[in-house]
Amino acid sequence: MWKGRFKEDMAQVVLGFNQSLDLDWRMAEHDIEGSLAHVRMLGAAGLLPSGETAKIEAGLRQVQREVRDGTFQPSEALEDVHMNIEDRLTALEPAGARLHTGRSRNDQVATTTRLYLRDRLLALEEALHGLLAVLLDRAEHHREVIVSGYTHLQQAQPISLGHYWMAWFEAFTRDCGRLDFALNALNECPLGAGALAGSTLPLDREMTCRLLGFDHPTRNSLDTVAQRDYMADYHHFAALFAVHVSRLAEDLIIWSTQEYGWLKLPDAFCTGSSMMPQKKNPDVLELSRGKAGQILGYMTGLLFTIKGLPMTYDRDLQEDKRGLWASLDTVESLLRVLPPLLSRTEVDEALARAGLERGFALATDVAEYLVQKGVPFREAHWKVGRLVGWCVEQGLHFRDLTLEQWKEHIPEVGEDLLKLLTLEASVARRSTYGGTGFEQVARQIKEGQVRLESLRAALKERRQRMAVRLGD
Ligand code: ARG
């Protein structure tokens, strides 16, 4: 293939080792888009004999059809997607020999990968919006369902389960922001950077940039072919998304155990045991937690690949795509399976309440009640804590205590305390902005719906801005 300076053919063992078709053939259509933009620019810049622009374009369209209908079988001897397409084009149309004018595979692969990744990330963002919509729906559905909130995995205070779902709405909305950052970061056009130093030819970088829906040509040719930060930006999104998924999965796994038991997972998303007939296992959630670990690994894989590389392009960079594809496939699979699972989670409310009533989840409410009676908080904390200790010794709960017993231990207590000691009152009264009070949760949901609408509108706008403008 490398006619010219080479005196022998590539060793057989090197062929498979060197090729990257397993990583880049999936980008064939995006590679052709990049070439179509490049050839139009070459024609407009007067770098092609008259008539050849149209011939090359027609040839590329033919290759595009062969890729789409699967009749194009790429060859490992031609190394990668770029050489395979150029080779096929030139076989169909000899003018194809001019296509690579002013271009290197180094700026080409960066362009193709950005185009391909852009499409995947736009689709991912839409799927993420689907997850946000499910969380809003669950929050609405469970707004008045009271469950325990935990710190240190110990019962802490009663909360609206809707508030819990809205917590994840916040986290995944931040993930959307990180995904947007990655999308914007990748949207610069590498074409024209050449192998590393630009070109002696009068290439119109603005034109290819515009045709491919990029925001700006990349600003430094060395950096263009050397850097993969836009991939790292995606991985950063993916890593935090995975951490969120993993923690969410962990909660649901715990809450659906026999020991907690108040969360009911849909049968269709659980599995049985080959031996124990009674089992209903949360495998989908466990797999989600497990896959999250791999996603973190893909990020560090890329960072390690890059960290010691001299400026500019080094062949190590070909490996950048391996973990990227695996990560994307995994994130996409999580976004396929989690929304339908979450949309069918239900609660055994009686069990959730029974669990709360066994503990002392209203202790903070009593301390804050005493604060309103003028007791300094630290003193109130101590008094209530001492009463809790006494109850534990006696095998009693707050709801077993008579007003007299309350007063005996805490003289500041009045009759008005008892009506505050219900789970409903406890949740409803946590009405600080962002708190679990039912009204606050309703506000979060309402604002969340508006935020999701504007995220969707922004995605639509982004799709238009990032659209390839090559016609058919
Ligand atoms: N297959 C290569 C990659 O994915 C394309 C660039 C090759 N450039 C080079 N100078 N060998 O990175």
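Each ligand, and each atom within it, is numbered from 1 in the order the structure gives.
- Note that R118 lies in the cation-pi zone of F214, set by a 6.0 Å cut-off to the ring centre and a 45° limit from the axis.
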Exercise for the section: Please assess R456 against E461 for the test salt bridge (Lys or Arg N to Asp or Glu O under 4.0 Å), listing each intermediate value before the final yes or no. Expected result: CA-CA 9 Å; R456 285 186 158 141; E461 181 277 328; over 6 Å; no

Practice task
Could you check R105 against E86 for salt bridge (Lys or Arg N to Asp or Glu O under 4.0 Å), going step by step and ending with a plain yes or no?
Solution key: CA-CA 11 Å; R105 281 183 299 161; E86 188 182 328; over 6 Å; no

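- Screening residues 36-73 for ring-ring contact (aromatic ring centres under 6.0 Å, His included), with sequence neighbours left out, gives W25-F72.
- The side-chain tip of R114 points at the ring of Y230 from less than 6.0 angstrom away and within 45° of straight on.
- Ring-plane geometry between F237 and F241 is classed as parallel, the angle between the planes falling under 30 degrees on a 0 to 90 degree scale with a further cut at 60.
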Which pairs of N or O atoms, one from ligand 1 and one from the protein, are separated by less than 3.5 Å, and what is the distance for each pair?
from     : atom 1 : to   : atom 2 : distance (Å)
ligand 1 : 1 (N)  : S20  : OG     : 3.2
ligand 1 : 1 (N)  : D80  : OD2    : 3.0
ligand 1 : 1 (N)  : Q318 : OE1    : 2.8
ligand 1 : 4 (O)  : K321 : NZ     : 3.0
ligand 1 : 8 (N)  : N106 : OD1    : 2.9
ligand 1 : 10 (N) : N106 : OD1    : 3.2
ligand 1 : 12 (O) : Y313 : OH     : 2.5

